Amino acid sequence: MSCTFIHILSSFVHRIYSRTSFIITIIVLSVSGCKTYDNGTTYFNTYYNMNRLLWESEYDFEGSEILKRQKPRAITPIDSGSRFGAKALGRPAEIPQFLKDLIIDAGRLQPVAIKLDSVIIKGSKILKLHPKSDFIEGTLLLMAKSFFYKNEWVSCEIKCSELIDRFPMGDYSPDAHLLLAKTYLIERKYALGKTMLSRTVDIAWYKQRYDILSEAFRFMAEQALFEEDEEGALRPYRQAISQSEDGEIRARWQLELASLYYRLSKFDKAEKEYAKVLDESPELIAEFEADLLRASSLLYLKRFKEAETILNDLDNNENYKDWRSSILAERLRYLRLKGDLDSLNKIEGEAEKYAANPAIPITFFERAMSFFKEGKYNLARAYFTKAKSVKSVISEAATKYHSLLSDWMNKQQMLDKGLMIMDSVGVKGTLPDTMLHKKSYAYFQLARIHEQLELKDSALYYYKKAALEAVQTDTNIAKYMYGYQRSIIQSEPELADSLQEVLAYNYGKTPYGQEARIQLGFTEAIVIDTLAELFSSGTRFRTTGNYELAARQFLRIAEADRESPWAPKSLYALGWMFENNIKNRDSAVFYYRILVERYPQSEYTKDIRAGLEMALAFQSGLYNPSTGKIKTPAEMDSSKLNNQVDSLKQQSLDSLSDSSSMIKPTVTKEIIPVKEEPKEESKIKSTLKNLVPDIKINSPFNSILPKTLPFLGTDKVKEEIPDDSTKIVPP
């Protein structure tokens, strides 16, 4: 009985187990089939197209490493001038060149922008509709690359971080680490970038991604050079050489280490490190580069025979026949450094046939820099033209040098021609201000060009010429003084401080005067208070009878800041003092005329305009004191009228100076001519307009002038300057 029960129970269990296994098998097969189907539809419908579009985009702007032809690199020492505008190891004002090379500019981006947008859209579709497919990791990387190429750094950061978080040990994790490090560096997040490069090295070693390792080491070295840390640039390669067990990989690191010494112009160490490359198991191209750059190092060390032997061996090796243009570039360098210029000039024509190889333009650039340092700018410019024709490590610097030297030639020719004309004109008489303005501006432009070329002595010479030879009527004089002041801060600090004070006080409304005030710690309130104190001081001198010192204070205000509300007020006070205190009407007329000419819309001008017109008419004989009106043509002989008008018109403002020996007007200003009145205008009115330039005369003229002058001849003298509470009130 018991045995039967046991048999029945075991049979039941067996049936249940068999059915369960079958069901599990069915479920597994179903799930597996769904996964395979999901992967298949994801790949063929979307992921494949994403990959293709990104590949095509990289092909269009040469961003794919796979598409780059296998050819020797062309490098040059960083102190050769290839880092234009920065010290060899100094921190430039903008991001370093190795990062700028990663940024796709608008011109290269525009043809592929639609493709990159399509990659991002398709990637978003995969993430939403197929979140469990096997292509999520690749999708995130493709989207991150697309954002990177579009210069959308934040979005690139997000996708790289998402990939690293979800697939920390995935196949694409090294790529994401490196891309994120590049993004951080471009965003100037240098600390984060360096940390991410270190993590990139770790994950790349683990995954044996030596291509990623090479890129990571290169960026670590470039960043260290940017931070003026030579040892920090060399350390990663030394560590890699010591850790690598593969002879081919070790040869690659050894070649990079030697090339870094070469770029640092440490040619003795570079030559020894290049020789060690051949002791490993280098690839063919690495073997060629090591020999070629070893010969180049020997050339810089003046060991010409050893270098020539290596170059001859390379030329005779059929394995290197496709790279003979690189050997030719080294021969150009050999002839230049040896000083055999005749032979160099002969083979340069042949070398131009291979200008597509970046090594050839580099030799042209180095020769251009030799001419530039010798001051042979025309020859230098010609070689910079050749050097900038092909994209290479020196093409940007060559373009900038070429542009500046072209500007230098044009400006120098214009200046020479202008000086010749001025010499011929100067023989006949005084040079017009417009010519002097152009001369100073030409000096300033040449100074700017020399400053950008880092020719400090020449820049200082032209800044000084521009500042010291500029006339006071030149509106750019503050700019010239500022340039001169900047160029002598180190050499002549006392003079630089004095010029800074002049800019702050006399040209406070210009950008250069404002900068000087900031450097001196001034504020706008301080300047206004200073002018107010000067006016108060002048008023005190006037009330105590010290008219000479009063006039000096008022004149200082008028010339220190012509845009200040205190300027017209000081001119008004100056004219009033001569009229009422000193009793010198000619000087009063002089300063009132300056007030009218400079500030025709001022409230002070409105107060004295009519009286000034009448005073000038009185001086010219056009005013009839008995009638208190302007003489009619019948009352005055027309020929006499014309003679008096011509006589008065010939008088400059300087001729209206007072006769006293105490103060004489010295300020002269250019008079702006007035547009012609309609033909029906009366002859007297037209004559008065010529006598008082830039004064608008209302008609009829006789009806607006009182019979007795409000000043300049009135018997009743005011005891104080009229209250200006309703006029312009300085802040």
Side-chain angles (χ1 to χ4, degrees), residues 42-43 45-65 94-200 203-204 209 211-212 215-216 219 222-223:
T42 302
Y43 180 79
N45 291 345
T46 313
Y47 187 78
Y48 170 79
N49 290 324
M50 284 181 67
N51 236 331
R52 177 181 58 81
L53 290 170
L54 190 65
W55 187 90
E56 290 175 356
S57 300
E58 291 177 334
Y59 180 85
D60 285 344
F61 51 67
E62 301 177 348
S64 175
E65 292 293 331
E94 52 188 6
I95 64 174
Q97 185 61 43
F98 78 95
L99 292 177
K100 289 174 65 177
D101 292 339
L102 299 175
I103 300 174
I104 307 300
D105 57 52
R108 296 163 62 199
L109 179 61
Q110 194 228 350
V112 301
I114 296 177
K115 294 180 180 179
L116 295 176
D117 289 337
S118 181
V119 170
I120 295 170
I121 293 171
K122 292 179 183 299
S124 301
K125 181 179 178 181
I126 290 176
L127 295 178
K128 181 178 180 180
L129 302 179
H130 307 280
K132 296 183 180 180
S133 71
D134 292 340
F135 299 101
I136 296 299
E137 183 182 3
T139 297
L140 290 172
L141 181 63
L142 293 175
M143 293 179 71
K145 283 186 175 182
S146 298
F147 284 126
F148 184 86
Y149 293 140
K150 292 181 65 179
N151 302 335
E152 296 180 12
W153 314 121
V154 176
S155 299
C156 180
E157 274 187 48
I158 293 172
K159 290 306 172 187
C160 287
S161 299
E162 188 176 347
L163 190 156
I164 293 170
D165 290 341
R166 294 179 62 176
F167 308 97
M169 306 304 293
D171 292 338
Y172 296 119
S173 183
D175 302 84
H177 276 80
L178 181 61
L179 190 60
L180 184 56
K182 292 178 183 178
T183 304
Y184 282 146
L185 292 175
I186 290 174
E187 292 179 300
R188 295 181 176 85
K189 300 175 181 178
Y190 296 122
L192 287 173
K194 291 163 66 175
T195 301
M196 191 53 61
L197 282 175
S198 180
R199 293 178 182 174
T200 302
I203 188 65
R209 288 289 303 276
D211 57 332
I212 298 296
E215 282 290 287
F219 282 109
E222 293 288 356
Q223 183 63 26

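Heavy atoms only: backbone and side chains are in, while hydrogens, waters and symmetry mates are out. The shown structure was predicted, so the numbers you read here are calculated from the model rather than taken from an experiment.
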Asks: Step by step, would you call Thr200 with Glu215 a side chain to side chain contact (heavy atoms under 4.5 Å, CB included)?
Replies: CA-CA 10 Å; Thr200 302; Glu215 282 290 287; over 6 Å; no
Asks: Decide side chain to side chain contact (heavy atoms under 4.5 Å, CB included) for Leu142 and Lys122; before the verdict, give the C-alpha distance in whole Å, the side-chain angles of both, and the deciding distance to 0.1 Å.
Replies: CA-CA 10 Å; Leu142 293 175; Lys122 292 179 183 299; over 6 Å; no
Asks: Of all the heavy-atom pairs spanning Leu53 and Ser118, show the shortest one and how long it is.
Replies: CD1-OG, 3.4 Å
Asks: Check step by step if side chain to side chain contact (heavy atoms under 4.5 Å, CB included) holds for Glu152 and Ser146.
Replies: CA-CA 9 Å; Glu152 296 180 12; Ser146 298; over 6 Å; no
Asks: Can you check whether Ile103's main-chain N or O pairs, donor with acceptor, with Asn151's side chain at less than 3.5 Å?
Replies: no
Asks: Does Lys115 NZ have over 12 foreign heavy atoms under 6.0 Å away?
Replies: yes
Asks: Using the ring centroid of each side chain, check whether Phe147 and Trp153 are separated by less than 6.0 Å.
Replies: no
Asks: Anything under 3.5 Å between a donor and an acceptor, one on a side chain of residues 154-166, the other on a protein residue two or more places apart or in another chain? List them.
Replies:
{"residue": "Glu157", "atom": "OE2", "partner": "Lys189", "partner atom": "NZ", "Å": "3.2"}
{"residue": "Ser161", "atom": "OG", "partner": "Glu157", "partner atom": "O", "Å": "2.9"}

Asks: With heavy-atom distances below 4.5 Å as the criterion, would you say the side chains of Phe148 and Leu102 are in contact?
Replies: yes
Asks: Once you round to the nearest 0.5 Å, how far does CD1 of Ile136 lie from NE2 of His130?
Replies: 9.0 Å
Asks: With a 3.5 Å distance limit and no angle check, can you tell me whether Glu137 reaches the backbone of Tyr172 through a side-chain donor-acceptor pair?
Replies: yes
Asks: Is any side-chain heavy atom of Leu54 closer than 4.5 Å to a side-chain heavy atom of Asn51?
Replies: no
Asks: Please list, chain by chain and in numerical order, all residues satisfying ring-ring contact (aromatic ring centres under 6.0 Å, His included) with Phe219, sequence neighbours excluded.
Replies: Phe98
Asks: Considering only distance and modelled atom types, tabulate donor-acceptor pairs under 3.5 Å from the side chains of residues 175-185, sequence neighbours left out.
Replies:
{"residue": "Asp175", "atom": "OD1", "partner": "Arg209", "partner atom": "NH1", "Å": "2.8"}
{"residue": "Asp175", "atom": "OD1", "partner": "Arg209", "partner atom": "NH2", "Å": "3.3"}
{"residue": "Asp175", "atom": "OD2", "partner": "Arg209", "partner atom": "NH2", "Å": "3.0"}
{"residue": "His177", "atom": "ND1", "partner": "Ser173", "partner atom": "O", "Å": "2.8"}
{"residue": "His177", "atom": "ND1", "partner": "Ser173", "partner atom": "OG", "Å": "3.3"}
{"residue": "Thr183", "atom": "OG1", "partner": "Leu179", "partner atom": "O", "Å": "2.9"}

Asks: Hey, could you give me the CD/CG distance between Glu222 and Leu99, rounded to the nearest 0.5 Å?
Replies: 8.5 Å
Asks: Between CD1 of Ile203 and CD1 of Ile212, what distance do you get to the nearest 0.5 Å?
Replies: 11.0 Å
Asks: A side-chain contact here means heavy atoms from C-beta on lying under 4.5 Å apart; do Ile126 and Met50 qualify?
Replies: yes
Asks: Measure the shortest side-chain to side-chain distance between Tyr149 and Val112 over non-hydrogen atoms and say whether it is less than 4.5 angstrom.
Replies: no
